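What you are looking at is a predicted structure, and each value in this text was computed from that prediction instead of being measured. Counting convention: from 1, in listed order, for ligands and their atoms alike.
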Amino acid sequence: MALDPDSRSSARYKDEFLATRAIGPQALLSSKRFMLAAWTALVIVSLACLAIFLRYTSSPIGQIQTEPLEGGPHSAAVHLPPSQPQVALDPFGPSSVLKGGPTLSFRDNLRSDVQYITSWVSAGWTNDVMTYINLIYLGLITDRVPIIAEFIPSHIGGHVPPIPFGQVFDVPRLRNLLGTSVLEWRDVKNHNSTFVDDIGCWNVWEAVQYREAFPRRSRSINDLNLDISYTKAPEWIKMIPNYEHDQHVTFWSLARLAFPTTRKASLVPPLPSPQHNISLPPDQHLLCYDYLYYVSAHQPFEMEYDYSPAWRYVGKYMHWTPELEKLADDYVRRAIGVPEDGPIPPFISIHVRHHDFEAWCGGIPVLECFAPLSAIARRVREVQQEIQETTGLTVNHVVMTSDERNATWWREVSELGWFTPDHTDTKALYGDWYPVLIDAVIQSQGFGFVGTDRSTMSIIAARRVESWQKGPNRLVKWGSPGADDH
Ligand SMILES: Nc1nc2c(ncn2[C@@H]2O[C@H](COP(=O)(O)OP(=O)(O)OP(=O)(O)O)[C@@H](O)[C@H]2O)c(=O)[nH]1
Ligand SMILES: *[C@@H]1O[C@H](CO)[C@@H](O)[C@H](O)[C@H]1NC(C)=O
Ligand SMILES: *[C@@H]1O[C@H](CO)[C@@H](O)[C@H](O)[C@H]1NC(C)=O
Ligand SMILES: *[C@@H]1O[C@H](CO)[C@@H](O)[C@H](O)[C@H]1NC(C)=O
């Protein structure tokens, strides 16, 4: 939940600025510096040749390496020589790291020369997206292939079936951008299998909080037919020792448990599994942790900050599936009144999070607690102005998404000249997941974004607009009358 969202705006383009300066012409002015630069260039070229040589003569432990189709964080240095045969469309796909198609027991499908990592989800959809981002990032720093379970319908409704990760996010594109494998559970274990797999996992939850004396619960575990024996992680993994009001751990404290020395030193008697009453130490082939939402590199709730490694190395490569993107485009076209297949004009996207956020109003009536439309309109003007100043573009169209149900409020939105996707038939046509999925895509497509302070759905939309559209954002403060005045 956002604490200080404004602190990131000024630093946003700092990285690009520094990068431009580092290779500026002054660097080559003095001859001493020129010699240094020449030597450096020679060393770099030699290292690159060595890297190419090593790449095609040895295979690193863990993941099989081939060339990604698009640039990702691990793909900058080495490029395929033109003589190499053309790579397949999905070189890091399931067949590169599994024995074959999904099996009844997941173990029958794991390869002995590959190491894997997994975890489960247990919150609202946006939090679960962030949890999977963390899992994939932990996979990167431990050289393990992440296996992603489905999204669970926590806020969608218990009767709604889970939706596969790959039905929302473009997994082949993610793999290519990362330059490494990412799997879904449905690739590994047959979705219909009733075989119960025993496995030992790390219990992080009991090491970071003091209210619940059990590992984090998740319906994913039942959906996957896993019988888990948990080993409580050591207390030192907690980011703020003994502090009951936070429950974060750092990526690297969890990564330490993935390697033999710290793993061995941290083994304690495991909790017997609930079904088979079996005690197992944490699995070394398929490493698993009960819950990875509260994971950061340096400070709690980090995803909103510009330096967040989980966002920069994973989240920004998690693009929507082309099908979902196309569906959202159709909703925007109909909202704005653009003919089918006509070009969509640039727009500002808004996310107003209401509904259960009322619980944080502490008795203040919602009309005074939530920000009024006038405050949101002021933020929209600021974003329009920033886009005008930085790109020269005038963005007049505004598209509102929200969980608000008050029809009068929606009428006031349209009186401002703002557009809204019409979700009257969305659930009937596509299923209960789709209103929120389509709205999340629309939010990410804005040339600029105005969101709701402390909403993770707004925070991640702001990051997408920043990374994908290079667009500015503002998060509207709320909680008391005039909370967003500035
Ligand atoms: N259709 C639609 N639904 C929304 C919107 N904002 C929130 N919701 C609904 O509210 C639920 C809460 O959001 P989640 O992403 O599940 O919850 P969360 O992960 O706790 O995120 P935040 O509560 O925003 O911090 C969603 O699952 C939707 O059902 C929106 O803009 N459009
Ligand atoms: C699971 O069962 C359903 C219904 O019998 C079937 O349609 C589906 O293809 C099966 N899925 C897999 C992965 O075998
Ligand atoms: C579980 O196993 C332990 C030791 O193997 C045994 O003592 C205990 O009675 C078993 N519990 C149940 C419920 O079967
Ligand atoms: C709906 O919204 C309008 C205007 O925003 C407000 O006056 C009205 O009280 C709201 N109704 C309810 C039931 O909250």
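Among Ile350, Val436, Asp439, the residue whose heavy atom lies nearest to atom 28 (C) of ligand 1 is Val436. Here atom 7 (C) of ligand 1 lies nearest to Asp403 when heavy atoms of Val352, Ile460, Ile438, Asp403 are compared. Proximity annotation for atom 10 (O) of ligand 1: of Met130, Met457, Arg353, His355, Arg353 comes nearest, heavy atoms only.
For the pair Asp198 and Arg107, the salt-bridge criterion is not met [side-chain N within less than 4.0 Å of a carboxylate O]. Classification of Arg217 and Glu212 as a salt-bridged pair fails, no side-chain N sitting under 4.0 Å from a carboxylate O. Salt-bridge check for Arg334 with Asp422: failed, with every basic side-chain N at 4.0 Å or more from each acidic carboxylate O.
Contact annotation for His423 and ligand 1: no heavy atom of the residue comes within less than 4.0 Å of the ligand. The proximity of Asn127 to ligand 1, defined as any non-hydrogen pair under 4.0 Å, involves the side chain as well as the backbone. The proximity of Pro435 to ligand 1, defined as any non-hydrogen pair under 4.0 Å, involves the side chain as well as the backbone.
Listed by chain and number, the residues in a side chain to side chain contact (heavy atoms under 4.5 Å, CB included) with Trp252 are Ile141, Ala255 (sequence neighbours excluded). Considering only residues two or more places apart in sequence or on other chains, Phe419 meets the ring pair (Phe, Tyr, Trp, His ring centres under 6.0 Å) condition with His397. The side chain to side chain donor-acceptor pair (under 3.5 Å) test applied to Trp185 returns Thr118, not counting sequence neighbours.
Those atoms of ligand 1 with a heavy atom of Thr456 less than 4.0 angstrom away are 18 (P), 19 (O), 21 (O), 22 (P), 24 (O), 25 (O). Interface of Thr401 with ligand 1, defined as ligand atoms under 4.0 Å from a residue heavy atom, comprises 31 (O). Of all atoms in ligand 1, listed by their number and element, those nearer than 4.0 Å to a heavy atom of Gly124 are 16 (O), 17 (O), 19 (O).
For the side chain to side chain donor-acceptor pair (under 3.5 Å) with Thr401, the qualifying choice from Gln443, His423, His351 is Gln443, the only one to do so.
With a 6.0 Å radius and a threshold of 12 heavy atoms from other residues, nucleotides or ligands, Glu412 has its CD atom above the threshold. More than 12 heavy-atom neighbours from other residues, nucleotides or ligands sit within 6.0 angstrom of NE2 on His486.
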Distance dump, ligand 4 polar atoms to protein, N/O, under 3.5 Å:
{"unit_1": "ligand 4", "atom_1": "2 (O)", "unit_2": "Asn406", "atom_2": "OD1", "d": "3.3"}
{"unit_1": "ligand 4", "atom_1": "2 (O)", "unit_2": "Asn406", "atom_2": "ND2", "d": "2.4"}
{"unit_1": "ligand 4", "atom_1": "5 (O)", "unit_2": "Glu412", "atom_2": "OE1", "d": "3.3"}
{"unit_1": "ligand 4", "atom_1": "11 (N)", "unit_2": "Asn406", "atom_2": "ND2", "d": "2.8"}

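Annotation: side chain of Phe151 is in contact with side chain of Val129 (closest heavy-atom distance under 4.5 Å).
By the 4.0 Å heavy-atom criterion, Gln443 is counted among the residues contacting ligand 1. At least one heavy atom of Ser402 lies less than 4.0 angstrom from ligand 1.
A cation-pi arrangement is found for Arg216 relative to Tyr291, the charged atom lying closer than 6.0 Å to the ring centre and inside a 45° cone about the ring normal.
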